[in-house]
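Source: prediction; values computed, not measured. When a ligand or atom number is given, it counts from 1 through the structure's own listing order.
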Amino acid sequence: MSSYQEEVISVKLVKMRIDILTLFPEMIENALSFSIPSRAQKADKVEIKAHNLRQWGIDSHGNVDDSPYGGGPGMILRVDVANKALEAVDPDHKAFRIMLSPDGDQFNQSQAKELSEKEHIVILCGRYEGFDARIDKYIDQKVSIGNYVLSGGELAALVITDAVVRLIPGVLGNEESLTHETFENDVTDFPQYTRPDTFDDQTVPEVLKSGHHAEIQKWRQSQQKPLNQG
Ligand SMILES: C[S@@+](CC[C@H](N)C(=O)[O-])C[C@H]1O[C@@H](n2cnc3c(N)ncnc32)[C@H](O)[C@@H]1O
C-alpha cells in the first residue's frame with residue numbers, strides 16, 4: 001500500500017464526532033446547517049448530533065430536572081439523567097466530555113485546536129439553574145465561553161463546535177486562511193481591503209496594489225499586532 005493510500009485511510013479513520021446533549025436540539029441543528037459546519041458535515045469531516053435529553057428523562061413526560069435540595073429558585077438537571085445520556089452516546093467514556101458552565105475554564109483558540117484533534121467530543125448543555133454538582137464526576141472539563149450568564153448551554157455549544165470544526169484539516173477550502181488568522185502565532189490578523197479602491201476619504205494602501213509579493217508580505221507582517229490569549 002502506498003503512503004498516499006495509508007494517509008487517505010487514516011484521514012477517514014479519524015473523522016470526528018461531536019454529540020451535543022441538550023433540551024433544545026433544534027437550536028443546534030438549525031444553526032449548524034449553514035456555511036462551514038454544514039459543509040464539513042457534508043464532506044464527511046465531522047458527524048455532529050444533537051440529542052434531546054428528554055429521551056433519557058425519568059418518566060413518560062421526559063422529566064430531566066428537579067428543584068434544588070435546600071430550597072431556592074429554578075430547576076436543576078438530575079445526575080441520573082445526565083449520566084444515562086453520557087453513557088448512551090459514550091458508553092466506554094472514550095470521548096472528551098465537556099460540561100458547559102459559566103464558572104468553567106475559559107474557552108479559547110488553543111483549546112479549540114486541542115479539541116479539533118480529538119476523535120469524539122460530548123458537550124452537555126445546561127438550562128435553568130444548571131446542574132446537580134455530582135455530574136462533575138462523569139465529565140472531563142467544565143468550560144465557559146465567557147464571563148457572563150447565558151440562558152442555556154446551546155449557544156456556548158455552538159460557539160465551541162464552530163471554532164473546532166473549522167480547524168479540522170480539509171474543512172476550510174483555503175488552508176492558507178488559517179495561517180494568518182488572529183491568534184495564530186499570538187498576533188492579530190492583518191487588515192484586508194477589497195474594491196472600491198477609494199471610499200469616502202479612505203484609500204487602499206498603495207503597497208497592496210503594487211504586485212510586489214515580498215513587499216506586501218512585509219507590510220502585512222508590520223500590521224499584525226501582538227496579543228495575549230485570555
Ligand atoms: C442560566 S445558566 C445557569 C447559571 C448558574 N445558576 C450559575 O449561576 O452559574 C444555565 C446554563 O447555561 C449554560 N451557560 C450559561 N452561561 C454560560 C457560559 N458563559 N458559558 C458556557 N455555558 C453557559 C450552562 O450550561 C448553564 O448550566
Side-chain angles (χ1 to χ4, degrees), residues 16-32 34 36-37 46 48-58 61-90 93 95-116 118 120-167 182-183 227-230:
M16 182 188 278
R17 183 171 143 202
I18 303 178
D19 288 294
I20 301 173
L21 305 170
T22 166
L23 285 172
F24 299 100
E26 298 85 355
M27 271 181 83
I28 306 284
E29 284 156 4
N30 287 343
L32 295 177
F34 297 94
I36 290 165
V46 61
I48 308 172
K49 287 238 159 76
H51 308 268
N52 195 330
L53 278 165
R54 295 206 185 281
Q55 66 193 284
W56 296 289
I58 51 158
H61 303 294
N63 276 321
V64 298
D65 47 17
D66 212 330
S67 47
Y69 278 115
M75 299 293 271
I76 309 293
L77 184 69
R78 293 172 59 117
V79 60
D80 49 354
V81 172
N83 190 44
K84 221 197 262 184
L86 289 164
E87 289 291 303
V89 297
D90 176 32
H93 197 159
F96 190 74
R97 298 176 174 184
I98 291 172
M99 179 163 94
L100 296 169
S101 183
D103 67 355
D105 300 328
Q106 174 100 36
F107 182 67
N108 60 21
Q109 188 71 4
S110 29
Q111 188 177 16
K113 262 192 210 150
E114 277 170 33
L115 292 176
S116 73
K118 304 244 181 248
H120 187 189
I121 302 168
V122 178
I123 306 178
L124 178 60
C125 302
R127 273 270 154 186
Y128 317 117
E129 277 306 306
F131 304 100
D132 185 306
R134 292 168 291 183
I135 297 173
D136 287 16
K137 183 175 169 194
Y138 310 104
I139 54 116
D140 296 306
Q141 191 183 14
K142 275 207 235 184
V143 176
S144 163
I145 61 159
N147 290 336
Y148 38 76
V149 179
L150 300 163
S151 313
E154 289 73 18
L155 292 174
L158 287 167
V159 166
I160 293 171
T161 302
D162 187 279
V164 168
V165 164
R166 63 196 299 287
L167 295 177
T182 299
F183 301 119
L227 52 81
N228 292 320
Q229 272 204 55

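- In this structure Lys118 satisfies the salt bridge (charged side-chain N to carboxylate O under 4.0 Å, His left out) test with no other residue, sequence neighbours excluded.
- The line from OH of Tyr69 to CG of Asp132 is 9.0 Å long, rounded to the nearest 0.5 Å.
- At least one donor-acceptor pair under 3.5 Å links the side chain of Asp140 to the backbone N or O of Arg97.
- No donor-acceptor distance shorter than 3.5 angstrom exists from the side chain of Thr161 to the backbone of Leu158, with no hydrogens or angles considered.
- Not a single donor-acceptor pair under 3.5 Å links the side chain of Arg78 to the backbone N or O of Asp66.
- When all heavy atoms of Ile139 and Met99 are compared, the closest pair comes out as CD1-CB, 3.8 Å.
- Residue-level contacts of ligand 1 at the 4.0 Å heavy-atom threshold are Leu100, Ser101, Pro102, Gly126, Arg127, Tyr128, Glu129, Gly130, Phe131, Val143, Ser144, Ile145, Gly146, Tyr148, Val149, Leu150, Ser151, Gly152, Gly153, Ala156.
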